[in-house]
Amino acid sequence: MPELPDVEGFRRVLTQCGKGRTVEDVEVRDAGVLRGVTGKKLRQELKGKRLGTAWRHGKWLFVPVEEDGPTLAFHFGMTGSLRCCSPDEPPETHDRISITLDGGQELRYCDQRKLQGVRLCDDAEIEHMVNDLGPDARAVPRAEFEELLSTRRGAVKSALMDQSVIAGLGNLLCDEILWRARVHPRTPARDLDARALRGLHTRMGRVLDTSVRAGCVPPRRSWLTGHRDESDGVCPRCGQSLRSSRVSGRRTVWCPGCQN
DNA sequence: CGTATAACCTGCGTGC
DNA sequence: TGCACGCAGGTTATAC
């Protein structure tokens, strides 16, 4: 599930629940989500420490521990989430880490599939991680967006999906953006003219704005996303039958009528 | 440089 | 009811 809009929602959860709070306890219910850190170490580094201002880049969520401490980094894979709970709420099946804060609330990192996880990073590691990512999709200016795509030989969808090009777009967002811009997902990125690139950037901005507000890519009937799970989906714009195939290994839905 | 594939891990729906 | 299989909004290593 989590693409940029979802992670932005988790950032708000972390801000509202955790900002300025002191960690009272850390319970690792499944160490399978820990990456490069042991439960013991995580607990030791967090307990009694105050959480700073959460920030996001692409699909990564970060929160600094104290002013000069390490940074807690979350990635949500395909099934992760972060909730703010009261301690008497029974844990969900896939709640993996629970962080108890002063003031009585708990942050719970939940993830069914454990494809990604939680790590504890120093400043150099954070810098390295962010350097490997392209600019955040929500903040990339049009000129830079056009430049990043204009040199790519491969399918435009592959470029949009590549986190080292632009950070934050996932499978649903890419299909939605391409559909709105009337661009076929397999079009070589560098074949797009200035007008098409401008259109893509504009659509990306609009799709992101709405999705961030919703906390997900909303499956509205007027959106492509609202039809992609139907076996006989129809384009809500032109009525043609939607097509589906694989582009760079991911299921890709598009409208043969609108997207050439 | 690019693409495709499998792998990581779990659960759900489908068809036999 | 059981079981094999394919599939899922992500990332990474590896082979071509």
Side-chain angles (χ1 to χ4, degrees), chain A residues 1-10 29-36 56-61 73-82 91-97 109-119 121 125 128-134 136-138 148-179 185-192 204 207-208 210-212 214-220 223-233 242 244-254:
Chain A
M1 152 214 240
E3 301 180 60
L4 186 157
D6 310 81
V7 181
E8 182 60 19
F10 303 146
R29 308 180 72 236
D30 185 338
V33 297
L34 299 177
R35 302 293 145 118
R56 181 192 59 70
H57 191 100
K59 300 172 191 171
W60 284 92
L61 179 60
F74 299 87
H75 196 293
F76 299 91
M78 289 175 88
T79 50
S81 67
L82 191 66
E92 303 271 322
T93 312
H94 302 109
D95 281 349
R96 309 297 190 187
I97 297 176
Y109 175 82
C110 182
D111 190 16
Q112 176 201 110
R113 285 173 70 183
K114 299 184 281 187
L115 290 172
Q116 293 293 323
V118 173
R119 45 190 93 204
C121 306
E125 289 169 322
H128 192 255
M129 287 164 71
V130 174
N131 277 344
D132 283 346
L133 297 170
D136 188 81
R138 208 136 182 249
L148 285 165
L149 291 187
S150 62
T151 55
R152 295 235 137 202
R153 283 187 275 170
V156 59
K157 173 159 176 181
S158 306
L160 292 174
M161 290 281 288
D162 187 336
Q163 303 298 297
S164 70
V165 176
I166 293 163
L169 303 182
N171 201 34
L172 294 190
L173 282 170
C174 288
D175 282 3
E176 188 66 41
I177 292 162
L178 289 164
W179 174 73
R186 284 191 201 273
T187 313
R190 67 176 181 186
D191 288 357
L192 296 167
M204 178 175 76
V207 170
L208 283 173
T210 306
S211 300
V212 163
C216 65
V217 189
R220 296 185 183 172
W223 288 33
L224 179 70
T225 306
H227 298 262
R228 61 179 299 133
D229 291 335
E230 298 162 6
S231 54
D232 52 353
L242 296 172
S244 154
S245 68
R246 302 223 158 236
V247 176
S248 56
R250 308 300 301 279
R251 188 167 75 102
T252 297
V253 178
W254 82 98

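These numbers come from a predicted model, not from an experiment.
Between Asp229(A) atom CG and dC7(C) atom P the separation is 14 Å, expressed in whole Å. Going from atom CZ of Arg190(A) over to atom P of dT3(B) covers 11 Å, rounded to whole Å. Look at CG on Asp162(A): it is 13 Å from P on dA13(C), rounded to the nearest Å. As a whole-Å value, the separation of Asp30(A) CG from dG11(B) P is 11 Å. Whole-Å rounding puts the Gln112(A) CD to dC12(B) C1' distance at 9 Å. A straight line from CE of Met129(A) to C1' of dG10(C) spans 14 Å, rounded to a whole angstrom. Atom CZ in Arg250(A) sits about 17 Å away from atom P in dA7(B), given to the nearest Å. For Phe76(A) and dC9(B), the CZ to P distance is 20 Å, given to the nearest whole Å.
Distances were taken from every side-chain heavy atom of His75(A) (C-beta onward) to each of dA8(C), dG2(B), dT11(C); the shortest belongs to dT11(C). Comparing dT3(B), dC8(B), dT11(C) by their nearest atom to the side chain of Lys59(A) picks out dT11(C). Of the candidate nucleotides dG2(B), dT11(C), dT3(B), dG2(B) has the atom lying nearest to any side-chain atom of Arg153(A). The Arg152(A) side chain lies nearest to dG2(B) when the options are dA8(C), dG10(C), dG2(B). Side-chain proximity of Arg246(A) to dG9(C), dT3(B), dC7(C): nearest is dC7(C).
Below 30°, between 30° and 60°, or above 60°: for Phe76(A) and Tyr109(A) the angle between ring planes is between 30° and 60°, a tilted geometry.
Panel note: side chain Gln163(A), backbone Gly134(A); no donor-acceptor pair is recorded below 3.5 Å. Distance alone, capped at 3.5 Å, places no donor-acceptor pair between the Arg228(A) side chain and the Glu230(A) backbone.
Comparing the C1' positions of dG9(C) and dG2(B) gives an interatomic distance of 24 Å, to the nearest angstrom. Using P as the reference atom, dA4(B) and dC7(C) are 16 Å apart when rounded to the nearest Å. Nucleotides dG2(C) and dC9(B) place their P atoms 26 Å apart, quoted to the nearest Å. The separation of dG6(C) from dT5(B), taken at their P atoms, amounts to 14 Å, rounded to a whole angstrom.
A salt bridge is defined here as a Lys NZ or Arg NE, NH1 or NH2 lying under 4.0 Å from an Asp or Glu carboxylate O, and Asp191(A) with Arg186(A) fails to meet this definition.
For dC9(B), the OP1/OP2 oxygens have no side-chain nitrogen or oxygen of His94(A) closer than 4.0 Å. When the side-chain nitrogen and oxygen atoms of Arg186(A) are compared with OP1 and OP2 of dG2(B), none of them lie within a distance under 4.0 Å.
Nearest-nucleotide mapping onto DNA chain B: of Leu115(A) and Thr93(A), the residue sitting toward the 5' end is Leu115(A). Heavy-atom distances to DNA chain B give each of Arg96(A) and Thr151(A) a nearest nucleotide, and the one nearer the 5′ end belongs to Thr151(A).
If you check distances only, the side chain of Arg113(A) does reach the base of dA8(C) with a donor-acceptor pair under 3.5 Å.
Here dC9(B) sits opposite no nucleotide as a Watson-Crick or G-U wobble pair (both hydrogen-bonding atom distances under 3.5 Å).
Ring centroids of Phe10(A) and Phe74(A) are separated by 6.0 Å or more, keeping the two rings apart.
Atom CG of residue Asn171(A) and atom OG1 of residue Thr225(A) lie 10.0 Å apart, to the nearest 0.5 angstrom.
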